[in-house]
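One structure below.
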Amino acid sequence: RPQRAASGRTGLHAVEAAQAALAGLEASSSLLAFADQGSNINGLLFMASLPPYLAFIYFLGYRGNNTPPLVKFSFSFLLVFVAATIPAGLLSKTTYSAILADSDWLHGAAESLLACTNICLVAGLRAGLCGDTEAAKGGLPKGIAGAWTVLVLLTIATGITLFNSEVHTPFLGGLGDLPAGIVDVAEPINALSVPTWMVHWSTVFEWLLAMSLVWKWADVTGNPRWKGLTWAMVPSHISSCAALTFHIFYNQVPWILTAQAFCTALGNLTLAIAAGRIAVSNGWTPSELNPFAEKPAAPTQEAKGAEAEDDEGFDPALLAKPLQPSEMTSGPLLVAEIVLLTVVFTYLTKYGELFVNLFQTTGVEASVAAGLFVFIPPVVVAFACWGDSSDLKSGAWPSFLVPVGAGPAAGRQEKR
């Protein structure tokens, strides 16, 4: 009997040990954490947004588009940002049991890659508008983007083990945060630091600048269908406004994340459609999808011959009306403007919202206010685009289908 009792106790201990192990696995498994992200509506929408974005990159890179290489790189580099949010999100969930937005150091590090993306995008568009072949190749920005990526990944990989970062450790040590006591109102513990707010606001202003440059690119190339790409970027802007609004309300209004995920999916779809129309207008046909078919020279590059690969598919000689550097805002002044806007909006947001109790609530009033924050800025942007669209105001709406090859040459005469 004692032996049987001992055996029973051993079996009980084994069961308890197994239950404890399963409980630990459920709490810490990266696989389960990733499954949790992918099984809700937000995760499903984000996953659904990937195929159209890949289609967008494919169409944008069509050799007949004469897209500046740095622009193609920038939109592709966005996938690095998306990839970085996966380990950052899993680390936040498995280590701190918190969403990525609540872990400032992880959140800011991953999000900074989006700022890097938009900086490269603006630089590439500006170089293309002036017909600057070397700048359009983007050797220096690409190198900076690579080093930036390494630093972000090292931060994510070593933040806990080497620097003992905790869930609410501020990004970059909270550089720029006002000393305690200057603002006599306590912040919620998950409030974003100044560096993380600066990353968010800078990406918004950089994206808006990129939209305006794409609009100019339509005139420079002589293909108005590029203006359709500016319109296609509006849903992505809504997604950015949703992210900002979610943080303004201290990550407490969950429907905002769903709105952000939906607008991301919608935005990637509109980007794919817009880039597809551009590619078709420049000679793309479904035969391009056949990997075994011989690829004929694109209509806009027939005269380039062997030089097509040397300049990565960008030839300033094909531009209809390239801009002179004097016609554009100087680089230093533009940087100063973006930095000033970023700093002003960062401090107004971080410390101004402390004096509005609404931002720390989750009721109906908060949801209504959040909706206004999400949608009013994009409506203003869309209205500005509408004001510069004489064809749309006259009722000449663009056709969804574009004649093959009706690109730059035809585009100078016909409406979008």
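Please read all numbers here as calculations on a predicted model, not as lab measurements.
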**Request:** Look at the side chain of S165 and the backbone N and O of G159, then say whether any donor-acceptor pair between them is shorter than 3.5 Å.
**Result:** yes
**Asked** Is there a donor-acceptor pair under 3.5 Å between the side chain of N268 and the backbone N or O of S49?
**Response** yes
**Prompt:** Considering residues at least two apart in sequence or located in another chain, which fulfil the ring-ring contact (aromatic ring centres under 6.0 Å, His included) criterion with F75?
**Reply:** F56
**Prompt:** Can you name the nearest heavy-atom pair linking D177 to V194, along with the distance?
**Reply:** OD1-N, 2.8 Å
**Item:** CD on E111 to CG on L192, rounded to 0.5 Å
**Value:** 9.0 Å
**Complete:** When every non-hydrogen atom of L354 is compared with those of P188, the smallest separation belongs to CD2-CD, 4.2 Å
**Request:** Report yes if some heavy atom in the side chain of L348 is under 4.5 Å from a heavy atom in the side chain of E353; otherwise report no.
**Result:** no
**Step-by-step side chain to side chain contact (heavy atoms under 4.5 Å, CB included) determination, L209 to L334** = CA-CA 10 Å; L209 178 58; L334 187 63; 3.6 Å; yes
**Request:** Give the C-alpha distance, both sets of side-chain angles, the deciding distance and a yes or no for salt bridge (Lys or Arg N to Asp or Glu O under 4.0 Å) between R126 and D132.
**Result:** CA-CA 9 Å; R126 283 174 57 85; D132 188 334; over 6 Å; no
**Message:** To the closest 0.5 Å, what do you measure between OH (Y351) and CD (E187)?
**Reply:** 5.5 Å
**Prompt:** Just wondering, are more than 12 heavy atoms of other shown residues or ligands nearer than 6.0 Å to CD1 in I189?
**Reply:** no
**Message:** Check the orientation of H247 and W197. Use parallel for under 30°, tilted for 30 to 60°, and perpendicular for over 60°.
**Reply:** perpendicular
**Prompt:** Any luck finding a side-chain donor-acceptor pair between S193 and D104 under 3.5 Å?
**Reply:** yes
**Item:** Spatial distance of atom CG (L229) from atom CG (L271) [nearest 0.5 Å]
**Value:** 6.0 Å
**Request:** Examine distances only and state if a side-chain atom of S92 and a backbone atom of A88 form a donor-acceptor pair shorter than 3.5 Å.
**Result:** no
**Asked** What are the two closest non-hydrogen atoms of S202 and A115, and how far apart are they?
**Response** OG-CB, 4.0 Å
**Message:** For the backbone of A101 and the side chain of N251, can you confirm whether one donor and one acceptor N or O come within less than 3.5 Å of each other?
**Reply:** yes
**Request:** Indicate whether any N or O donor in one side chain lies under 3.5 Å from an N or O acceptor in the other, for N42 and T258.
**Result:** yes
**Message:** Do F73 and P141 have side chains that approach each other closer than 4.5 Å (heavy atoms only, starting at C-beta)?
**Reply:** no
**Asked** Between L333 and S330, is any pair of side-chain heavy atoms under 4.5 Å apart?
**Response** yes
**Item:** Donor-acceptor pair, side chain of N65 and main chain of L60, under 3.5 angstrom
**Value:** yes
**Request:** Report yes if the side chains of C241 and P378 come closer than 4.5 Å at any heavy-atom pair, otherwise no.
**Result:** yes
**Request:** Could you tell me whether the side chain of T230 and the main chain of W215 form a donor-acceptor pair under 3.5 Å?
**Result:** yes
**Asked** What's the verdict on side chain to side chain contact (heavy atoms under 4.5 Å, CB included) for N66 and T221, showing C-alpha distance, side-chain angles and the deciding distance?
**Response** CA-CA 9 Å; N66 202 28; T221 60; 5.9 Å; no
**Asked** Tell me, do Y53 and L78 make a side-chain contact under 4.5 Å, heavy atoms counted?
**Response** yes
**Asked** CZ/F59 to CG/L54 distance, rounded to the nearest 0.5 angstrom?
**Response** 12.0 Å
**Prompt:** Does the side chain of C130 reach to within under 4.5 Å of the side chain of Q324, using non-hydrogen atoms?
**Reply:** no
**Request:** Ignoring hydrogens and angles, state whether a donor on the side chain of W255 or S367 is under 3.5 Å from an acceptor on the partner side chain.
**Result:** yes
**Message:** Is it the case that atom CZ in F262 sees more than 12 heavy atoms from other parts of the structure closer than 6.0 Å?
**Reply:** no
**Asked** If you draw a 6.0 Å radius around CD in E337, do more than 12 non-hydrogen atoms from other residues or ligands fall strictly inside?
**Response** yes
**Item:** Rounded distance (nearest 0.5 Å) linking atom CH2 of W226 with atom CH2 of W217
**Value:** 7.0 Å
**Request:** Indicate whether any N or O donor in one side chain lies under 3.5 Å from an N or O acceptor in the other, for W201 and T349.
**Result:** yes
**Message:** Strictly distance-based, threshold 3.5 Å: is any side-chain N or O of W207 a donor or acceptor partner for the main-chain N or O of M233?
**Reply:** yes
**Request:** May I ask you to test the Y96-L106 pair for a side-chain heavy-atom distance under 4.5 Å?
**Result:** yes
**Flag for S74-T117: side-chain donor and acceptor within less than 3.5 Å** = no
**Prompt:** Nearest heavy-atom pair of K321 and D219: which atoms, and what distance?
**Reply:** CE-O, 3.6 Å
Which donor-acceptor pairs under 3.5 Å do the side chains of residues 146-153 make with protein atoms, sequence neighbours left out?
from : atom 1 : to   : atom 2 : distance (Å)
W148 : NE1    : S112 : OG     : 3.1
T149 : OG1    : A145 : O      : 2.8

**Message:** With a 4.5 Å cut-off on side-chain heavy atoms, are T264 and L45 touching?
**Reply:** no
**Asked** Would you say the side-chain atoms of S236 and S239 include a donor-acceptor pair closer than 3.5 Å?
**Response** no
**Prompt:** Is there a donor-acceptor pair under 3.5 Å between the side chain of Q252 and the backbone N or O of F249?
**Reply:** yes
**Asked** Is it the case that S281 and N223 place a side-chain donor and acceptor less than 3.5 Å from each other?
**Response** yes
**Message:** Other residues, nucleotides and ligands only: do more than 12 of their heavy atoms fall within 6.0 Å of CZ on F355?
**Reply:** yes
**Prompt:** If you measure from the Lys or Arg side-chain nitrogens to the Asp or Glu carboxylate oxygens, is any gap between R63 and E288 under 4.0 Å?
**Reply:** yes
**Request:** Report yes or no: does N282 contribute a side-chain atom to a donor-acceptor pair with the main-chain N or O of I278 at less than 3.5 Å?
**Result:** yes
**Complete:** Scanning both residues in full, the closest heavy-atom pair of A369 with L358 reads CB-CD2, 3.6 Å
**Asked** With ring centroids as reference points, do H168 and H107 lie under 6.0 angstrom apart?
**Response** no
**Asked** Step by step, would you call T342 with Y347 a side chain to side chain contact (heavy atoms under 4.5 Å, CB included)?
**Response** CA-CA 9 Å; T342 298; Y347 281 93; over 6 Å; no
**Request:** State, to 0.1 Å, how close C116 and F77 come at their nearest heavy-atom pair, and which atoms those are.
**Result:** SG-CE2, 3.8 Å
**Fill in**
Interatomic distance, CG@L70 vs OG1@T67, rounded to 0.5 Å, equals 12.0 Å
**Request:** Would you please indicate yes or no on a ring centroid separation below 6.0 angstrom for F373 and F359?
**Result:** yes
**Prompt:** Can you check whether L100's main-chain N or O pairs, donor with acceptor, with S103's side chain at less than 3.5 Å?
**Reply:** no
**Message:** Apply side chain to side chain contact (heavy atoms under 4.5 Å, CB included) to residues L50 and L79 and explain how you reach the verdict.
**Reply:** CA-CA 9 Å; L50 182 58; L79 296 175; 3.9 Å; yes
